[in-house]
Amino acid sequence: MNVEDERGAAPRASGVGATAPRVGGLERVTGRQEYVADLPHADALRVKLVTVDAARARLKAIDTRSALAVPGVRLVLTAADLPRPMPRFGPQRRDRPVLADRETKYHGEPIAAVAAETVDAAEEAAGLVRVDYEELPAVHTIAGSLAPDAPLVQDPSLRPGDPLANSNVLREHRYGWGDVGAAEAEANVVIEGTYTFPMVTQFAIEPHAFMAAPFGDGIAIWSSIQHPYWLQRVIADLTELPLSKVRVFAPDPGGAFGGKQHAKYEPLLAFMARKTGRLVRLVLTLEETFQAVRRGAAQVRVRAGFRRDGTLVFRDIDANYLIGAYADIADRTVAKGSYTANGPYRVPAVRIVARSVLSHTVPSTAFRGFGNPQQIWAVESNMNEAARLLEIDPLELRLRNLPRPGEAFIPHETPADGDWAMAVSRAGEMIGWQQRPSDGRGRGIAVGLKSGPTTGLSYSTVRLLADGSVVIHAGTSDMGQGARTIFAQIAADELGAPLEWVTVVMGDTAVVPYDQQTSASRSSVLMGNAVLGACRDIQAKIRAMAVRLEGVPESDVTVDRGEVRLADRILPVRDVLVRGLGRLGGEVIGVGEARKEADPEHPLGGTSAFYEFNCTAVEVDVDRETGDVTVMRHVTVSDVGKALNPLQVRGQDEGAAVMGLGHTLMEHYILDEAGRIRNLGAIDYRIPTSMDLPMRMESDAIENADGPGPYGAKGMSEGALLPVAPAVAAAVCDATGVAVRELPLSPERVWKALHPSLARPLDPVEATPR
Amino acid sequence: MRPFEYERPSELAQATSLLAEYGPEARPLAGGTDLIIRLRDGSLRPRVVVDMKGIDELDGDIRDDDGYLRFGALTTMTDIAADSRVRRDYPALAESALFVGSVQIRNRATLVGNMCNASPAADTAPALLAYGALIVATGPSGTRHLPLEEFFVRSGVTTLARGELVVAIELPRPTSSRGSVHLRRTRRRGHDLASVTLACAVTPDGKTRIAYGSVGPRPVLAIDDSGRLADPSLPDTDKAGLLDRLFAGASPSPTSMRASPEYRLAMLRVLGLRGVKAAIDRLASAQAP
Amino acid sequence: MTNRRPLELTVNGRSRSIEVLAHHTLLDVLREDLGLTGTKECCLVGECGACTVLLDGHSVDSCLVLGVEADGASVTTVEGLAVDGRLSPVQRSFLETGAAQCGFCIPGQLVSAHALLTDAPHPTRAQVEEGLAGNLCRCAGYEQIIEAVLMAADAADADAIADDDLAARSARLRALGDRAATPDAELAPQ
Ligand SMILES: Cc1cc2nc3c(=O)[nH]c(=O)nc-3n(C[C@H](O)[C@H](O)[C@H](O)COP(=O)(O)OP(=O)(O)OC[C@H]3O[C@@H](n4cnc5c(N)ncnc54)[C@H](O)[C@@H]3O)c2cc1C
Ligand code: FES
Ligand code: FES
């Protein structure tokens, strides 16, 4: 990426704004970084889940005798071993049972679990658990779930007082402003389309791993989890222990992408640990991760009205998200993704309806972009179709409708917090938008907006040790976004320590103070501010020391960026520290807190702390005979407020862009008619490799220091994924004249769109084998 | 993975007698890139795995052998793709070997294993068919040579008899110049199992040998000796009709999730035309002074 | 259960003599029997490359090799790339370009990169893309990973990247194909 010098002064070597090397990088390049599966576990019982090969089944009987007879097997836990009623949990609703409760509701839902001395024994025994079941009809499409005679995914008794309890709609969200009906009259052109987004999965290269063990008079859990404190609460509730007796260890996850936000099998392991009195350990197979986490599929109908000059006059959006059998955090992804579905546009009348539709499928959950990519795919594709129809340049069409910095674009909501037109123009310049691409190629552009956290609470303690080195406690999970580095840079800068002298302690709820969660690209902003606050706390104490040591008035001393400024000279913080601590040594402790308060009146419970905004422009080449789409150029520009570490900003943007290319070009679950996932695992679920990159990828960041985080930073790391699909689809349309409204844009799908007559099913002669 | 016995015989006779004794309960192991996956997913549950890498008579060499280029049972895709004789005389084989999996896979995967696994999508099969490969099989009752066309039955099944092992694959040395190429279709540019795989070879006598896979239960060889396919001046529209006849052996599965039958057949046609054209071009440049 | 079989092999230069079960893979042996957890486990079907190690100098997916097959062989894992506590050029360049995000794929990427640079000390960008295609990175830091490999190739002669002339290196990077180059600012002295 292009690091402009508009930042002004040259960055300091390793402080904020510099390309400091990753904290934890050395461990990662030497194989010493320990993920959950790497922790010592010699004495652990190995756990294997028992499932049935059906999407939905009534469980009649479970016979565990042969399984228990396998040497080394210590426990086969079934629902009968759990308290009654079945303990349930979930971040939005307590609807997910620890083990399937009389009925499995999706392909891969565990109905029992084996714990044995070896993996081999656990696997063998799991295969010997005999389950007598009756397969039941399953719903696994939006139409199927919404059909009047569809079987109910959730028992209405789990949804007391819910008027929708007798349907598969978990919740319907309605947002909007203005009078869409009246606005329609003012539109010269109305464009309507329905856009489909498939089920895709996070596919972190580290499969989820969990351990649990009795620990003192409480319990310890190890998990590759993004939200350790949330997990702590879930386990405390289920085990009826006080929070202080539940210790969650959360080593850095090996990629998470939202899929590791919330509890999955930790509750099961907690019960198994208590039952056996042993350390129990479960590492999922990649296939099992596909059955644990995914993104919600969606079908979005968009109607948009424009004046002939391209001014948007209304938007009417109706979205159905296919979530899974349990809510997990899926309904929140629907709410948040839909609340901003109109995107970063100034539109007088907007109506948004979005439903969370239950189905007999893997519970969908958070996934980079959190419910927004589905809406952005639809709305931005619709926008590009409008540009074609109106014969207005799609880049220009956006500029005409984007709000200016500070302008309200959603009533009662955080106004535009960035110069978004600048990002669009930058993307245009970078790809050379004004020159037409060479023959046969097509160009496309799209923007994406996502609201950041709506509430938040992060604490940090920072300890300035006697020699000037620093220990930071921060409850964020560093899952690859590089949170450790950012916090270390902030502290290094503010306390005047070399970066290598800073240690960041994370991932232990007994040691590190509370953090609400690691999601919504919040950590640089919220935890960043908490760390900064803790540093300021220390600075105040250093200032008091300086006043005392130098005998000068308080007003003559300021402490900032590692320096103690007196009227006549500047001292390093460390100097003052060493003298101030004196003979006994010790340390200076700072405490920081960052809150984003809730707003009970707000439809989302709070306004957006910031927005992530990205503009993506691509150039593609389409092989008309095969349907192959090759991205020749990919330009991605994010408004980050301030790049605290440009190297990491680039990594996040390019990584998000490539992930976006995955769901744009190749990724999707393939279900059979019974609702089972056919392409479980890495062989038939394709994600981009190093050979699937755009021929040329460029990223850039807009830095106007207009964010709420440290030094004007905003959250980032999801933005560059948001508009990839509509940008690529627009480019395909530009090249071929054909608009594809369903993802992924696989060669076969593009080919079918280009050759509708050839794509009919084969005539019988051809289909007969020789 | 389920437990099994592991044997690592040092003589071919030991291996074949183990295989004869255990029959379907024994499995030869070469590079393991197919076998170990199937042992793990439980679709194969042999009692004995017979590792062939310790057998003195078997090797991974590529040898010139009296009118043939001979690939030992342990020859890997990496070695094939790098071999200058293969690249010069059998470019479609070198190309197809390079398509197999990733570097890590190609370092283990053997050419013979690719045949014995008998996947319809086996990438090196069309090239070997187009070049007229022979399978050399040794069993309790001796050694026999059979044309590769007679080797495949259906996915995972070959005509090997109980106790038989493939000890080598032989390719006849080219008797004239030849233009040949391998093409395939996948869902991404990075390694992937082919939804159509095709090799085409044309010779100055006007013969076109075209072999294709992943569009039916086994790879198929078809030959045009009318001279018309190989004719550079015949327009594609005419060739399409000729090719359709050669592709009569294609019957893609309607239930595959990698591609629909109509897409596979359409791509077979596209690859057919592209393959013929590329082979003709290569022949022309081979003949250019 | 089946009996254990003796296995003698050299791992990262150290000879090891253990007993293993025949159906356990080299990956199982490394992680469980030898406690070398740097080699990672993900797909178990040869697709992701997280388990990549060198077996007699060739990169292989250790999830597709039985432990017993490695009898008499020499194995190098990520833990063996640094020599005498000194990072290899490619390890250093991975740090420098920020190639490691979550880091889970990185051991496999490094072993593949190491194998590639042994075979092709001065690879083209296309060769690097191809050479690493068997190593999935879901954080998809591919651009920075590829740059790191190219940088290590460049620095191999100079040996110590840290002492290399930064400006010259960034100019070389810029010259690598028509891809976006890394401007000097990103290579500023740390
Ligand atoms: C990630 C990945 C990607 C792949 N990509 C491709 C691809 O793109 N194209 C492709 O064609 N294949 C691909 N494969 C499949 C596989 O790599 C090839 O089929 C390979 O050539 C098999 O050779 P092997 O030595 O590993 O065989 P093994 O796994 O050792 O054996 C395969 C089968 O053949 C039998 N067998 C082996 N040798 C003999 C013998 N001498 N006599 C009798 N029977 C024998 C075995 O018992 C077994 O049933 C891929 C595999 C993986 C894991
Ligand atoms: S774990 Fe071996 S290749 Fe994925
Ligand atoms: S760094 Fe996370 S998967 Fe590659």
Side-chain angles (χ1 to χ4, degrees), chain A residues 1-3 5 10-11 13-14 18-22 24-35 37-38 120 202-207 252-257 283 285-286 479-482 646-648 650-651 654-655 657-659 681-683 687-691 693 696-699, chain C residues 1 21 23 28 31-32 36-45 47-48 50 77-79 81-82 87 91-92 94-107 110 128-130 132-146 178-180 183 185-190:
Chain A
M1 68 167 251
N2 190 3
V3 185
D5 283 326
S14 58
T19 60
R22 176 168 300 255
L26 186 63
E27 291 79 357
R28 283 168 172 75
V29 301
T30 50
R32 289 204 298 266
Q33 179 69 31
E34 284 191 328
Y35 304 88
D38 302 331
D120 289 331
Q202 286 79 352
F203 204 136
I205 304 299
E206 178 205 25
D252 291 4
F257 315 113
V283 180
T285 63
L286 182 64
M479 51 204 184
Q481 84 280 39
L647 203 56
Q648 292 192 172
R650 178 184 165 209
E654 294 182 354
V658 174
M659 195 172 240
I683 297 177
I687 64 172
T689 71
S690 54
M691 292 174 76
L693 301 177
R696 184 170 167 183
M697 160 100 82
E698 289 151 281
S699 63
Chain C
M1 197 143 317
L21 291 167
H23 64 285
D28 298 332
R31 289 183 55 87
E32 298 282 327
L36 290 169
T37 54
T39 307
K40 301 300 177 206
E41 174 170 323
C42 169
C43 72
L44 297 178
V45 291
E47 284 283 344
C48 77
T77 69
V78 66
E79 289 96 339
L81 294 183
L87 297 186
Q91 285 174 307
R92 269 176 278 147
F94 266 57
L95 281 180
E96 184 130 352
T97 66
Q101 294 190 28
C102 80
F104 201 80
C105 72
I106 296 300
L110 284 165
V128 178
E129 288 177 3
E130 161 70 40
L132 297 182
N135 293 84
L136 297 176
C137 176
R138 189 57 156 171
C139 299
Y142 292 130
E143 293 287 346
Q144 284 161 310
I145 291 171
I146 292 165
D178 68 341
R179 300 279 183 151
E186 289 195 20
L187 296 168
Q190 307 295 307

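Note: hydrogens, waters and symmetry copies are ignored here, and every other heavy atom, side chains too, is used. Order of the sequence lines sets the chain letters (A, B, ...), proteins ahead of strands, with each chain counted from 1. It should be emphasised that the depicted structure is a prediction, and the values quoted were computed from it without experimental measurement.
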Looking at [atom1] of [X] and [atom2] of [Y], how far apart are the two atoms once the value is rounded to the nearest 0.5 Å?
X: C:H23; Y: A:D120; atom1: NE2; atom2: CG; value: 3.0 Å
X: A:M691; Y: C:L132; atom1: CE; atom2: CG; value: 11.0 Å
X: A:L286; Y: C:C43; atom1: CG; atom2: SG; value: 7.0 Å
X: C:L81; Y: A:T30; atom1: CG; atom2: OG1; value: 10.0 Å
X: A:E27; Y: C:I106; atom1: CD; atom2: CD1; value: 13.5 Å
X: A:T689; Y: C:N135; atom1: OG1; atom2: CG; value: 10.0 Å

*Apply the test side-chain contact (heavy atoms from CB on, under 4.5 Å) to residues A:L647 and C:T97: give CA-CA distance (whole Å), side-chain angles for both, the deciding distance (0.1 Å), then the verdict.*
CA-CA 7 Å; A:L647 203 56; C:T97 66; 5.6 Å; no

[X] versus chain A, heavy atoms under 4.5 Å apart: side chain, backbone, both or neither?
X: C:E41; result: backbone
X: C:L136; result: both
X: C:A133; result: both
X: C:L110; result: side chain
X: C:L36; result: neither

*Who among C:G38, C:C139, C:A82, C:G134 has the most heavy-atom pairs with chain A under 4.5 Å?*
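Of the options given, most contacts go to C:C139.
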
Which heavy atom in [X] sits nearest to a heavy atom in [Y], and how many Å separate them?
X: A:G255; Y: C:C102; result: N-CB, 3.2 Å
X: C:R138; Y: A:I687; result: NH1-CG2, 3.4 Å
X: C:F94; Y: A:V29; result: CB-CG1, 3.9 Å
X: A:R28; Y: C:P107; result: O-CD, 4.4 Å
X: A:A682; Y: C:E47; result: CB-CB, 3.5 Å

So, [X] side chain and [Y] main chain: donor-acceptor pair closer than 3.5 Å or not?
X: A:R22; Y: C:L95; answer: no
X: A:E206; Y: C:F104; answer: no
X: C:E79; Y: A:R32; answer: no

Could you tell me which portion of [X] (side chain, backbone, both or neither) has an atom closer than 4.5 angstrom to a non-hydrogen atom of chain C?
X: A:D38; result: both
X: A:P688; result: both
X: A:E34; result: neither

*Flag the pair A:R650 / C:E143 as yes when at least one side-chain heavy-atom distance between them is below 4.5 Å, and no otherwise.*
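The answer is yes; the side chains approach within 4.5 Å.
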
*Is there a side-chain contact between C:K40 and A:Y35, using heavy atoms and a 4.5 Å cut-off?*
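They are in contact (side-chain heavy atoms under 4.5 Å apart), so the answer is yes.
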
